[in-house]
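Accompanying notes for the structure given below.
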There are 2 protein chains.
Amino acid sequence: MNYDDAKMKFVSTWGSLGSLWGINKAMAQIQALLFISIKPLSMEDIMADLHISRGNTSMNLRQLMDWGIVTKEIIPGERKEYFTTEKDVQELARIIAKERSRREIQPVIKVLKEVSSITDDGTEKTKELIKQTKALHDLTQTADDMINKLVNQKQNWITKSVLKLFK
Amino acid sequence: MNYDDAKMKFVSTWGSLGSLWGINKAMAQIQALLFISIKPLSMEDIMADLHISRGNTSMNLRQLMDWGIVTKEIIPGERKEYFTTEKDVQELARIIAKERSRREIQPVIKVLKEVSSITDDGTEKTKELIKQTKALHDLTQTADDMINKLVNQKQNWITKSVLKLFK
DNA sequence: ATAAACTTTCAATAATTATTGAAAGTTTAA
DNA sequence: TTAAACTTTCAATAATTATTGAAAGTTTAT
C-alpha cells in the first residue's frame, strides 16, 4: 500500500467511525486529514483533498474548534486562515472524553437521578422503575467518573499500571 | 412526578441516548421499556406503549436479540411471544461493551494497523502518517483492552477499587 | 473609500436512515 | 387440512441529517 492509498483509507475509516465518538463524517474526516498532515492546512486544501464544499468545510471546522480539537493558525504574510489539530493522541482522547461527558452523559445522569427520585407509591411497577433507573444511574455515574479520571491522567504510566491489574 | 411521567421520561431519554451506544431510537426505547417492566411484554404491548408499527417492533426486537440483550419468553398457554431484557446493569454493560468492541472497534484497529504498517519511503509525510496512525492504534487498542477487562469483571468491587486508585 | 481576498450563513436540495403497513410466511388448534 | 392467530419481510414513504452554493459578511491593502 502506498502513501496515497494509506492516507485515503485512514481518512475514510476515521470518518465512518465518527459516529462512535459522536460527530459527523465530514468533521471526523477533516480532523483525520489534519492529524496526519505535516503542516497547517487552509480551507482550500481541505476542500480539495476531501472533495467537499466551502460551506461544509467552514461549518465543520467551526465545530471542531468548538470542541477544542482544532485551532486556527495565522501564517505571517498569508491572507488565508490555516488550521491544525491536536497532535497528541492522549490529549485528543482527553478532550473528546471530556466533551462527550459534558454534552451527552451528564444530561442523562441528570434525568436518571430525577426519574429514580420519584416518590414510591408502594406499587410494584413504581418500585421496579426506581430500582432499575437507580442502578443505571449508579453505573453511568461510575463509568463517567472512571473515564474522566483515566483520561485526565496525562502520563501514560497510569494506563499501563491499571492494565496490569487486570492482566 | 408520577409514575407515567417518569416512565415516559426515562424511555424517551434512553431512546435519544441510543446513538451514544450505537443503536437506533426505537431499539433503545424497546429495551428501556422492557428494562423497567415487571413482566415480559408482547409485541402488542410494546406497539401500544411506544406507538410504533408492528414491522418496526418486530425488526428492532430481532436486533435486540441479535445483540443478546433481549430474549424470547414462552408463556405456557399463550399463543403470543413475550420478551424480556437483561435486568442486571453490570451484565447489560458487559454485553454492550463486548458487542461494540466486536462490531466497531476491532475493525478500526485492523485498519489502523494496516495503515501504520505501510513501508516507510523516507518522506516526511509518510513518516508522519505512520507515526500518527501508530499512536492512534496503540491508544485504541489500550482503551479497548481496558473496557473489555473492566467490563468482564462480574463483581462490582473491582470497579470500586480501581476508582479508589484515582481519587 | 474601494476592491480584492477571503469566510460565514442559510435556504434549498440531496443523501441517509427509520418507519409503515400490507402481503407473505409460520405455527397451532381443532 | 383448514383457518385463525400470530410474526416476518420488504417496497414505499416519511423523517432526519448532511451538503451545497451563492449571497452576504468581513478583513486587509492601497
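First the proteins, then the strands, lettered A, B, ... as listed; each starts at 1. Everything numeric in this text was worked out from a predicted model, so none of it was measured.
Heavy-atom distances under 4.0 Å link DNA chain D to B/R54 of residues 44-54 of chain B, given in residue order. Less than 4.0 Å separates DNA chain D from at least one heavy atom of each of the following residues of residues 56-70 of chain A: A/N56.
Put simply, A/I38 and A/W14 are part of two different groups of oily side chains (I, L, V, M, F, W, Y) that touch within less than 4.5 Å, one to the next.
Counting only heavy atoms from C-beta outward, the side chains of A/Y3 and B/L129 approach each other to under 4.5 Å. No side-chain heavy atom of A/E81 sits under 4.5 Å from any side-chain heavy atom of A/M43.
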For side-chain contact (heavy atoms from CB on, under 4.5 Å), just list the numbers for B/Q106 and B/S101, CA-CA rounded to whole Å, side-chain angles, deciding distance to a tenth of an Å, and then say yes or no.
CA-CA 6 Å; B/Q106 299 302 337; B/S101 169; 3.2 Å; yes
A/N60 and A/Q31: CA distance, side-chain angles, deciding distance, side chain to side chain donor-acceptor pair (under 3.5 Å) verdict:
CA-CA 9 Å; A/N60 284 111; A/Q31 199 277 327; over 6 Å; no
Check the pair B/K127 / B/K131 against side-chain contact (heavy atoms from CB on, under 4.5 Å), numbers first and verdict last.
CA-CA 6 Å; B/K127 281 184 197 305; B/K131 180 182 145 210; over 6 Å; no
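Remark: A/R103 qualifies as a cation-pi partner of A/W67 under the 6.0 Å distance and 45° angle criteria applied to the six-membered ring.
Here D/dT8 presents its C1' atom at 11 Å from CZ of B/F83, a figure rounded to the nearest Å. D/dA5 atom P lies 16 Å from atom CE of B/M43, rounded to whole Å. Between A/I23 atom CD1 and D/dT17 atom P the separation is 16 Å, expressed in whole Å. With rounding to whole Å, B/E81 atom CD is found 10 Å from C/dT27 atom C1'. With rounding to whole Å, B/N24 atom CG is found 16 Å from D/dA15 atom P. Per the geometry, NZ belonging to B/K80 stands 17 Å off C1' belonging to D/dT8, to the nearest Å. Summarising the geometry, the separation between NZ on A/K72 and C1' on C/dC6 is reported as 11 Å, rounded to the nearest angstrom. In this structure, A/L41 atom CG and C/dT7 atom P are separated by 13 Å, rounded to whole Å.
Taking the nucleotide of DNA chain D with the nearest heavy atom to each of A/G55 and A/R79, the more 5' of the two is matched to A/G55.
Between atom OG1 of residue B/T119 and atom CE of residue A/M1 there is a gap of 9.5 Å, rounded to the nearest 0.5 Å. Note that CG of A/L34 is 12.0 Å distant from CD of A/E86, once rounded to the nearest 0.5 Å.
A donor-acceptor pair shorter than 3.5 Å can be found between the side chains of B/S42 and B/D45.
A rotation axis mapping the C1' atoms of four pairs onto the next four is fitted at both ends of the helix from C/dA1-D/dT30 to C/dA30-D/dT1 over five pairs, and the angle between these axes is 10° to 10 degrees.
Between A/E99 and A/R102, at least one side-chain nitrogen of the basic residue sits less than 4.0 Å from a carboxylate oxygen of the acidic one, meeting the salt-bridge criterion.
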